[in-house]
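Below is one structure, written out as structure tokens; comments come after it.
What's counted below: heavy atoms across the whole structure, side chains too, no hydrogens, waters or symmetry copies. The first residue in the sequence is number 1, and the count goes up from there.
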Amino acid sequence: VQLQASGGGSVQTGGSLRLSCAAPGRAFVNYHRGWFRQAPGKDREFVAAISVTGGSTTYADSVKGRFTISRDNAKNTVYLQMDALKPEDTAVYYCVADPAGIYSDYLGYDYWGQGTLVTVSS
């Protein structure tokens, strides 16, 4: 069972993208979900996370006010709306899932999808 991230691409500074992370069937529907990113030569960085019901969200300070995480449990999909993109947002973005809670440490997540590349040019 895999998480499938999509929606990456190339945009200019100030542009927007929406990432999606789909899971097959009802897999991960009762899991907390989130997004991490990793830029070339840098460590993995927490971006955002959302609780099972969507009632609780948390963001990294670097994206707060620009990115919005949401989920549609009927479609078993989590989204990351990214607005006002900056060159420093350039990275491979990974979706994650865990049954236990929302964490900002990547070690807290048991399930990872493949990444989708976001490139922001100045």
Side-chain angles (χ1 to χ4, degrees):
V1 176
Q2 287 195 342
L3 299 164
Q4 296 287 336
S6 62
S10 297
V11 296
Q12 292 188 327
T13 298
S16 298
L17 282 174
R18 188 176 81 154
L19 305 184
S20 299
C21 178
R26 302 304 290 167
F28 302 114
V29 70
N30 291 317
Y31 282 53
H32 306 281
R33 306 277 288 272
W35 293 91
F36 281 73
R37 66 187 182 186
Q38 188 166 22
K42 295 189 176 181
D43 293 335
R44 261 173 291 191
E45 176 188 20
F46 171 74
V47 176
I50 188 167
S51 62
V52 172
T53 63
S56 179
T57 58
T58 187
Y59 297 90
D61 288 343
S62 58
V63 307
K64 204 171 291 184
R66 300 187 298 121
F67 290 11
T68 303
I69 189 171
S70 62
R71 66 190 295 164
D72 183 339
N73 285 343
K75 296 181 179 180
N76 203 1
T77 300
V78 173
Y79 304 98
L80 184 69
Q81 177 66 41
M82 305 186 295
D83 299 317
L85 282 161
K86 305 175 181 180
E88 51 263 45
D89 295 318
T90 295
V92 176
Y93 284 71
Y94 298 91
C95 57
V96 298
D98 196 86
I102 294 176
Y103 309 104
S104 58
D105 186 337
Y106 73 91
L107 293 175
Y109 292 91
D110 289 340
Y111 299 93
W112 290 71
Q114 92 292 357
T116 186
L117 177 62
V118 172
T119 304
V120 185
S121 58
S122 57

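Using bins of under 30°, 30° to 60° and over 60° for the plane-to-plane angle, the ring pair W112/Y94 lands in the perpendicular bin.
Of all non-hydrogen atoms in L19 and M82, the two that sit nearest each other are CG-CE, 3.7 Å. Nearest heavy-atom pair, Y31 versus V52, reported as atom, atom and distance to 0.1 Å: C-CG2, 3.6 Å. Taking all atoms of both residues into account, the shortest heavy-atom contact from R66 to L85 is NH1-CA, 3.9 Å. Across every non-hydrogen atom of T57 and Y59, the tightest pair is OG1-CE1, 3.7 Å. Closest approach of R26 to N73, counting heavy atoms only: NH1-O, 3.1 Å. Among all heavy-atom pairs drawn from Q81 and S16, the shortest one is NE2-CB, 4.0 Å.
No path of Ile, Leu, Val, Met, Phe, Trp and Tyr side chains, each step under 4.5 Å between heavy atoms, connects Y93 with L3, placing them in separate hydrophobic clusters. Cluster membership check: V47 shares its hydrophobic cluster with V11, using side-chain heavy-atom separations under 4.5 Å among Ile, Leu, Val, Met, Phe, Trp and Tyr.
Under the 3.5 Å distance criterion, the side-chain polar atoms of D98 are matched with a main-chain donor or acceptor of D110. A donor-acceptor contact shorter than 3.5 Å is absent between the side chain of Q38 and the backbone of A91. At distances below 3.5 Å, at least one donor-acceptor pair connects side-chain atoms of T90 with backbone N or O atoms of V120.
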List the steps and the verdict of side chain to side chain contact (heavy atoms under 4.5 Å, CB included) for I102 and I50.
CA-CA 7 Å; I102 294 176; I50 188 167; 5.6 Å; no
Kindly indicate, with the supporting measurements, whether the criterion side chain to side chain contact (heavy atoms under 4.5 Å, CB included) is fulfilled by L80 and R37.
CA-CA 12 Å; L80 184 69; R37 66 187 182 186; over 6 Å; no
For S62 and E88, what are the C-alpha separation, side-chain angles and deciding distance, and is it a side chain to side chain contact (heavy atoms under 4.5 Å, CB included)?
CA-CA 10 Å; S62 58; E88 51 263 45; over 6 Å; no
Test W35 against V78 for side chain to side chain contact (heavy atoms under 4.5 Å, CB included), laying out the working first.
CA-CA 9 Å; W35 293 91; V78 173; 3.7 Å; yes
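If you take CG on D105 and CZ on R44, they are separated by 9.5 Å, rounding to the nearest 0.5 Å. H32 contributes atom NE2, which lies 7.0 Å from atom OG of S51 (distance to the nearest 0.5 angstrom). Taking SG of C21 as the start and CZ of R71 as the end, the distance is 10.0 Å to the nearest 0.5 Å.
Residues Y109 and F36 bring their aromatic ring centres within 6.0 Å.
At most 12 heavy atoms of other shown residues, nucleotides or ligands fall within 6.0 angstrom of atom NZ in K42. No more than 12 heavy atoms of other residues, nucleotides or ligands lie within 6.0 Å of CG in D43, so this atom counts as exposed by the packing criterion. Around atom CD of Q4, more than 12 heavy atoms belonging to other residues, nucleotides or ligands sit under 6.0 Å away.
Contact of the N30 side chain with the P99 side chain is not registered, since no non-hydrogen atoms from C-beta on lie closer than 4.5 Å. With contacts defined as side-chain heavy-atom distances shorter than 4.5 Å, the pair N76/R33 qualifies. The shortest side-chain heavy-atom distance between V96 and Y106 does not fall under the 4.5 Å cut-off.
The pair K86-D89 does not meet the salt-bridge criterion, since no charged nitrogen lies less than 4.0 angstrom from a carboxylate oxygen.
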